[in-house]
2 protein chains.
Amino acid sequence: MSGTSDHWDRRIGRRVTLRDLHVLLAVVQWGSMAKAATHLSVSQPAISKAVADLERAVGARLLDRSPSGITPTPFGSVLVKRGLAVFDELRQGINELEFLADPTTGEVRIGCPESIAAGLLPAVVERFTRQYPKMVLRVAQAQTVTSEFNELRERTVDLMIGRIARPFTEEGLSAEILFEEPLYIVAGAQSRWAKRRKLTLAELAGERWILTPPNEVLSSPVAAAFHAQGLEPPHATVVSFSFHLRNHLLANTDFISLIPASMLRLFNARQTVLKALPVDTKFEPLPVGIVTRKNQQPSPEAQLFIDCARSMVDTIITTPEFTKSATHKTAG
Amino acid sequence: MSGTSDHWDRRIGRRVTLRDLHVLLAVVQWGSMAKAATHLSVSQPAISKAVADLERAVGARLLDRSPSGITPTPFGSVLVKRGLAVFDELRQGINELEFLADPTTGEVRIGCPESIAAGLLPAVVERFTRQYPKMVLRVAQAQTVTSEFNELRERTVDLMIGRIARPFTEEGLSAEILFEEPLYIVAGAQSRWAKRRKLTLAELAGERWILTPPNEVLSSPVAAAFHAQGLEPPHATVVSFSFHLRNHLLANTDFISLIPASMLRLFNARQTVLKALPVDTKFEPLPVGIVTRKNQQPSPEAQLFIDCARSMVDTIITTPEFTKSATHKTAG
DNA sequence: GCCTGACATAACCGAAACCTTATAGCGTTA
DNA sequence: TAACGCTATAAGGTTTCGGTTATGTCAGGC
């Protein structure tokens, strides 16, 4: 290291400053120097100069200037990427220092879809906060898994917890499967299907279904199951992510839906509202897992949280809804 | 990001400077402020002040001062670790810029043991340099795999290529197996064993063996093979990494050794010097692979090199020494 | 052709950053 | 106990950094 470091350090380390990098990030983020200037509460020339300095330092044009603002050149994009990493590394560093000073303090930023936030997460959060009372948990909910992943990539959240597709092929992210969650075809307890002791998927083909939007993890099992029996996937009468909406519709009308075990347990605590239908079809259980950034180890607090979540898997998968998954008996 | 960034940036980003970080790294590296001062060509108080500034900025004692120098506190160690990452990120950034400016230029720093440097590497290097003539390859040889891994961890090299133990459990590193290399028990062509058409491992137990030091990847297969037959591992008369030494001893005396296929091919081009003995024992082939830092993607040049190495696997494993591995015929 | 929005340049200024030399404190060691 | 090695502090000087206001340049919309 020492061999090249001296030379390199003098050429770059002294010229590239954190401030310049930060200005670059702001400019790219806001799309124009003027906007960045107002957001950083400095004058526009200051920004202009900082960017110019940086460009001189690295010897490459970083931004394309136009009358309507700026767009980063490929060079700029690269430096933005690295700049984000640099600042994140720093942030993680001082974060780690604070954690070292008081290992019970810290902050974990979690991203998750509604289904997890309502089902699994509370259990984990409860244990975690009891174990580390001074720890702060920030939970960001997201409508779609895609935007969730972007938040993870942009380092707005430390980890994501949710149902993950398999194989998991998101660029730059890595997933750890916590457990497999059974899926149930569910109708309201008052539904005419609820009384049946046995029924086939084909019988349900014409029903009114509540599904999630296509391309989402939860929507494919239904289509796959129907397809496996040579049936057309059912027509979705309602398409929504909201489990509350679903639950309400199921409980009060004749809708049918596919919901994960944890949701069934949550909404059906007294087991009088919903009923898992004894359909003769096998659904691939849905993997639930934790997604983190590849190429970067999580903060110590995040690691604690992950460990906590992992340690809860056993208690989760021994609940009735999980163990009964293979037999597809009614859960009501 | 913007939510916390403003606040955070003002508190830390403005106080922690790259220079201070760099000073900290140097001080820790050299073990004392005075030494760091001379190495950085500044006066000692400058160093002292920089460290004090940094400590004030992060609000934690980073170094334990003693009359004989300094040792980093846990806080210091953490910040050193992050500091290294920060500088590496920066270096990678400008490196990427240069690569972007001229994708044929660049530098790949490779670490590997002698066996690879002599056997596999030349082939890869030849293709790689032909493909990217302006690329600079730095090859650092290491005696032991352990020190090799340290170089990788310290970011002195971009990647390591060598025989890797399986399972691969090095903390913070990840390995990709390129191919499996057969192992041969070899003696000199003049050896009395060379004339035999068939022989057992037990017959060789009393011979004079050349082995690598214990705990190294290459030494265990021999011990394992003997152990599998209920035999005591042979006594190593010569213990060395040097393949040249080995080859010389094998060719001129009655030594016996275990060498990988690529070495056999290299030293036995005309097939008159060494002879692979037709022993009735199966050796687990040794995986050869590329080790990189986990949690960090390699530089674009390094990626090119890895791709190149990967693409050469096919041509390598179709050479006679490789394909014959299962039958254990003589290779001479 | 004339505004307008957006960035670049110039001139200038204060604060801080960074360096130096000199000196003091303080364990270790001869 | 004196010398030595290492670090901290003080005092003082340059440099440069980060910022301002004022002004220039340039492309496009009306």
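These numbers were taken from a predicted model, which means no experiment stands behind them. A, B, ... follow the sequence lines: proteins, then strands. Residue 1 opens every chain.
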Report yes or no: is there a donor-acceptor pair, N or O only, under 3.5 Å between the side chain of A:Gln44 and the base of C:dA8?
yes

Here the gap from B:Met33 atom CE to B:Arg65 atom CZ, rounded to the nearest 0.5 Å, amounts to 4.0 Å

Under 4.0 Å between a side-chain N or O of A:Arg65 and OP1 or OP2 of C:dA8?
yes

Contacts of B:Ile70 and A:Asp53 projected onto DNA chain D by closest heavy atom; the upstream (5') one is B:Ile70

Under a 4.0 Å threshold between the charged nitrogen and the carboxylate oxygen, would B:Arg138 count as salt-bridged to B:Glu151?
no

State whether A:Arg15 places a side-chain N or O below 4.0 Å from either non-bridging phosphate oxygen (OP1 or OP2) of D:dC17.
no

Heavy-atom pair of closest approach, residues B:Arg293 and B:Leu152:
NH1-O, 2.7 Å

Counting heavy atoms from C-beta on, name the nucleotide in C:dA10, C:dA22, D:dG5 closest to the side chain of B:Pro45.
C:dA22

Closest to the A:Ser32 side chain, choosing from C:dT20, D:dG19, C:dC7
C:dC7

Residue A:Lys49, side-chain heavy atoms: nucleotide from C:dG5, C:dC19, D:dG19 that is nearest:
D:dG19

Classify the nucleic acid contact of A:Ser43 as base, sugar-phosphate or nothing, counting any heavy atom under 4.0 Å across all strands shown.
base

Is B:Glu170 salt-bridged to B:Arg153, going by a charged N under 4.0 Å from an acidic O?
yes

Using a cut-off of less than 4.0 Å, is there contact between a side-chain N or O of B:Ser68 and OP1 or OP2 of D:dC6?
no

Would you indicate what B:Ile47 reaches in the nucleic acid, counting non-hydrogen atoms under 4.0 angstrom: base, sugar-phosphate, or nothing?
nothing

Examine D:dA8: is either OP1 or OP2 under 4.0 Å from a nitrogen or oxygen in the side chain of B:Ser48? Give yes or no.
yes

